[in-house]
Structure formats: structure tokens, C-alpha cells
Engineer: 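Quick one: this structure, given as C-alpha cells, is what I'll be asking you about.
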There are 2 protein chains.
Amino acid sequence: MEEQSQNTEALILEAARKVFIEKGLEGARMQEIADEAGINKSLLHYYFRSKDKLFHAVFIEAFQKFLPQIDSLILTQAPVAVKLEAFITNYINTIIQNPFIPGFVLHELSRDPQSLAELLKSRASMVPQFLQQIQDEIDAGRIKPFDPRQIIINTLGLCIFPFVARPIAQTIFFENNTEAYNQFLEDRKTEVFKFIKSAIFTEQQ
Amino acid sequence: MEEQSQNTEALILEAARKVFIEKGLEGARMQEIADEAGINKSLLHYYFRSKDKLFHAVFIEAFQKFLPQIDSLILTQAPVAVKLEAFITNYINTIIQNPFIPGFVLHELSRDPQSLAELLKSRASMVPQFLQQIQDEIDAGRIKPFDPRQIIINTLGLCIFPFVARPIAQTIFFENNTEAYNQFLEDRKTEVFKFIKSAIFTEQQ
DNA sequence: TCTACTTTTGACCGGTTGGTTAAATTACTT
DNA sequence: AAGTAATTTAACCAACCGGTCAAAAGTAGA
């Protein structure tokens with residue numbers, strides 16, 4: 001019983017993940033999730049009490065998938081250049097493997113911004129340390145004098161935006177050639193760091 | 001009768017704009033739009049035949065609000081540096097005045113990517129010329145050798161991302177202080193170009 | 001004022017949606 | 001094998017949603 005219920009629960013979560021991430025909370029239908037999982041709709045309510053609860057489980061899971069890389073960026077001790085390069089590669093890699101999660105998370109967060117507080121309680125206190133690390137390298141002359149927050153937002157935006165804007169970007173620049181756009185995204189694993197490096201680091205030997 | 005009908009139509013469009021942009025096609029309710037406009041729900045169907053038609057009117061309007069700046073970026077004759085600087089300022093300014101449109105447009109485009117074709121038919125042919133202009137400046141040694149498409153995506157991402165990710169960015173970096181985040185966005189009108197300029201332009205006198 | 005027309009309304013409809021419930025099936029224990 | 005608890009199903013429901021329709025209210029010209 002234990003085993004089977006874990007199987008079913010995982011089956012439901014997988015189906016819910018697919019449908020919710022593709023269609024959002026309001027676009028998704030419980031019946032569609034049930035069909036996707038190959039089970040009865042009532043089972044959804046047996047394992048998760050409501051649509052909102054099921055959605056919340058999916059959302060938390062999606063959101064947390066991107067926290068490890070952020071953690072290592074913020075918490076690790078290494079020069080900013082080293083950490084940024086590793087972060088960008090890993091982060092874009094993670095998004096390539098979960099290309100619809102960023103749009104999903106951003107959309108649902110702007111629908112319900114309140115739910116953020118609970119998710120960030122532990123991390124928020126670590127951010128200032130990373131901002132200070134950037135500021136220290138600015139003071140040491142290794143990074144040009146940009147607002148550290150601007151640098152971080154720029155980094156995240158450069159990683160995430162091409163996935164959120166994929167339909168329009170792929171159409172405009174790649175005549176809707178999916179394979180070509182995938183290669184474009186692959187290239188960004190190195191191109192984005194080259195871009196940021198060229199933007200913020202000072203010359204020195 | 002003519003005058004009143006134009007008033008009502010504009011009233012409906014304004015209400016629909018507010019509700020659709022905030023909640024999306026699937027999250028919006030016709031009744032809510034009617035309430036927002038202070039009229040009967042049947043009137044929505046009298047002026048616009050269906051929810052989809054009304055949504056389409058709102059979407060087209062929102063989408064086109066950002067085309068003029070893009071046009072001037074692509075079609076104008078001037079050095080890339082000059083055009084980019086003007087574009088970034090104007091573009092961010094436009095988004096500041098319509099902060100929810102980018103998220104709205106991106107979300108609805110990823111829900112229905114087909115609808116793009118009709119919107120871009122005339123513009124698409126002009127893009128290669130702008131790409132070539134960037135390539136020419138690369139060949140002339142004035143811009144570092146980045147893929148021109150990467151440069152454009154980067155520029156757009158740097159402009160748009162802080163608005164799409166506002167809830168999380170404002171929470172993490174500004175303790176949810178709206179006024180502080182507004183100032184942050186204001187600063188980006190110059191900061192983004194400084195960043196891009198530092199990234200892609202070569203030193204020369 | 002009468003008439004023809006447009007605009008606005010309220011009542012209503014069929015289909016869909018998230019959710020409930022009780023019965024049936026399965027799995028586990030002894 | 002029997003009994004107990006957990007799992008799964010089918011049938012059902014009230015609320016909601018987009019949309020229709022006929023009547024009412026408003027408008028303008030004769």
C-alpha cells in the first residue's frame with residue numbers, strides 16, 4: 001500500500017507538473033491532469049485535497065529546482081568572476097532541461113506575489129553578503145562601478161529571458177527553426193559570461 | 001448614438017485591458033470586465049462578439065504599443081551605439097508606463113505562439129538588415145565579435161526582465177519597497193546602456 | 001407624437017469545472 | 001481464507017462561465 005501510494009502520488013505529480021507548467025493554474029483542468037496520469041479524477045482529490053494544493057506542490061517543486069545554483073552563487077567563497085562563470089553555465093543548463101519553468105514561475109508569482117515570502121525566508125538574509133562581495137571587488141578595482149544589484153539582475157535576465165521570449169525570438173531570428181534556436185541557447189552558456197565579463201570586469205594582469 | 005457607442009466601446013476596451021492584462025485570457029472573467037466598466041455583461045457581446053475577439057483587440061493594442069521603438073531601432077540610419085542608447089531609454093520608459101504589458105504579451109504568446117505570424121509579417125524582413133549593420137560594425141572593429149542576435153536578445157532581455165521578475169526582484173533586493181524598486185528601474189534607463197556599451201564596444205578615439 | 005432604429009438590460013441556457021460521496025476493488029494482516 | 005484498512009472508481013452536484021434572446025429604454029427624424 002505504501003509503495004503503490006507513492007507510485008500514484010508520483011504519477012499524479014508528474015502529470016500535474018506537465019499540465020500546470022504548460023497551461024498555468026487557471027488554464028489547467030483537473031480532468032486533463034487525471035487523463036494525463038491515466039487515473040480517475042477523484043484520485044487527484046484523494047491524494048491532494050484541492051486544485052490549489054496540487055498546484056502548490058508543483059509550484060514549490062519547480063521553484064526549488066533553481067535554488068541550488070543560486071545558493072552556490074551566493075554562499076560559496078570564490079572570486080566573483082569564477083562564481084559567475086560557473087553559475088551561468090549551470091543555470092542555463094538547468095533551464096535547458098526545464099525550459100518552461102521560468103515562465104511558469106514568473107507568471108504565477110506575478111499572479112500571487114504573496115506566496116513569495118514563505119519561499120525566501122531563509123535565503124533573503126544571505127543576499128547582502130553577496131552584494132558586499134561584489135562591492136568589495138569594485139572597491140578593489142577589479143569590477144567596474146556598477147550597482148551590484150544591477151549586475152545580478154542583468155545576469156539573471158540574460159540567462160532567463162531567451163527562454164521566456166522563445167516564441168518571438170525563435171520566429172524573428174531563426175525563422176522558427178527549433179533546432180537552430182536550441183543551438184543558440186547552447187551557445188549562450190558561454191556567450192552570456194563572455195558578455196558580462198566584457199561588461200563589468202576591468203583589464204588587469 | 002454614434003458618440004455614445006464610441007464612448008461605450010472605449011469604456012469596455014479600457015476595462016478589458018485592465019482585467020486581461022492583470023489576469024490573462026483564461027484568468028479573466030467577462031463578468032468582471034463588465035463590472036469594471038459598470039455595464040451589463042451582454043453589452044460586451046454586443047460590441048465584441050466573443051471573449052476571444054475582445055481579448056484579441058486588447059492584445060493587439062498592447063503588442064503594438066511597443067512596435068514604434070523597435071521600428072526606429074531597426075529602420076533608422078545611425079551608428080549602432082547611437083540607436084541602442086536611444087532605444088534603451090525610450091523602451092524602458094514605455095515599459096515603465098505600461099509595466100504589465102511585457103509579462104502579459106510574453107505569457108499569451110507562449111500560450112498561443114501561432115498568433116505571432118500575423119503580427120510580424122511586415123517587420124520580419126527588416127531584421128536581417130539590422131543584423132548586418134551590427135556585423136558591419138564588428139567587421140570594422142567598432143563592436144567586439146559577438147553574434148548580433150545575441151546582442152539584440154541581450155538588449156531586450158536587460159530592458160524587459162526587471163519588469164517580468166519584479167515581484168521576486170523587489171522582494172529580494174529591496175525588501176519589497178516599491179518606491180525603491182521604481183528608482184532602480186529609472187536608473188536602468190542609463191545603466192543598461194552603460195552595461196551594454198561596456199560589453200560590446202571596443203575602445204577607440 | 002408616432003415611428004424606426006440603436007443601445008442597454010435582465011433573465012435564461014447548455015456546457016464545463018472543481019469537488020463530493022458511496023460503493024467497489026485491491027492490498028495487507030492474522 | 002477472512003477481515004480490515006487503504007486505494008480506486010463511477011455517478012453525481014452545485015456553482016460558474018461564456019453566450020443568447022427578447023424585451024425595455026433611449027435616441028432621432030418626420
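Every chain is numbered from 1, with letters handed out A, B, ... down the list of sequences.
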Engineer: Measure CD1/B:Ile33 against P/D:dC17 and give the value in whole Å, please.
Structural biologist: 12 Å

Engineer: Applying ring pair (Phe, Tyr, Trp, His ring centres under 6.0 Å), can you list everything that pairs with A:Phe161, at least two apart in sequence or on another chain?
Structural biologist: none

Engineer: Could I get a table of every N or O pair under 3.5 Å where one atom is in the protein and the other is in nucleotides 17-19 of chain C?
Structural biologist:
from	atom 1	to	atom 2	distance (Å)
C:dT17	OP1	A:Arg29	NE	3.1
C:dG18	OP1	A:Ala28	O	3.3
C:dG18	OP1	A:Arg29	NH1	3.4
C:dG18	OP1	A:Lys51	NZ	2.8
C:dG18	OP2	A:Met30	N	3.1
C:dG18	N7	A:Lys41	NZ	3.3
C:dG19	OP2	A:His45	NE2	3.2
C:dG19	OP2	A:Lys51	N	2.6
C:dG19	N7	A:Lys41	NZ	2.7
C:dG19	O6	A:Lys41	NZ	2.5

Engineer: Looking at residues at least two apart in the chain, or sitting in another chain, which of them share a ring pair (Phe, Tyr, Trp, His ring centres under 6.0 Å) with B:Phe100?
Structural biologist: none

Engineer: Tell me, which pairs form a salt bridge (Lys or Arg N to Asp or Glu O under 4.0 Å) where one or both residues lie in residues 97-110 of chain B, sequence neighbours left out?
Structural biologist: B:Glu108-B:Arg111

Engineer: Applying ring pair (Phe, Tyr, Trp, His ring centres under 6.0 Å), can you list everything that pairs with B:His107, at least two apart in sequence or on another chain?
Structural biologist: A:His107

Engineer: Expressed as a whole number of angstroms, how long is the span from B:Leu44:CG to C:dT7:C1'?
Structural biologist: 14 Å

Engineer: What is the distance, to the nearest angstrom, from the CG atom on B:Asp35 to the P atom on D:dC16?
Structural biologist: 14 Å

Engineer: Nearest whole Å is fine: how far is C:dT20 P from A:Phe48 CZ?
Structural biologist: 16 Å

Engineer: Taking only the side-chain nitrogens and oxygens of B:Tyr47, find out if one of them lies under 4.0 Å from OP1 or OP2 of C:dT8.
Structural biologist: yes

Engineer: The side chain of A:Asn40 is closest to which nucleotide in this list: C:dT7, D:dT8, D:dT9?
Structural biologist: D:dT9

Engineer: In whole Å, what is the span from the CD atom of A:Glu32 to the C1' atom of C:dT16?
Structural biologist: 14 Å

Engineer: Rounded to the Å, how far apart are B:Lys23 NZ and D:dG18 P?
Structural biologist: 12 Å

Engineer: Rounded to whole Å, please give me the gap between OH in A:Tyr46 and C1' in D:dT7.
Structural biologist: 5 Å

Engineer: Would you please name every residue forming a ring pair (Phe, Tyr, Trp, His ring centres under 6.0 Å) with A:Phe174, sequence neighbours left out?
Structural biologist: A:Tyr181, A:Phe184

Engineer: Taking the side chain as every heavy atom from C-beta outward, state whether A:Ile152 and A:Ile134 have any atom pair closer than 4.5 Å.
Structural biologist: yes

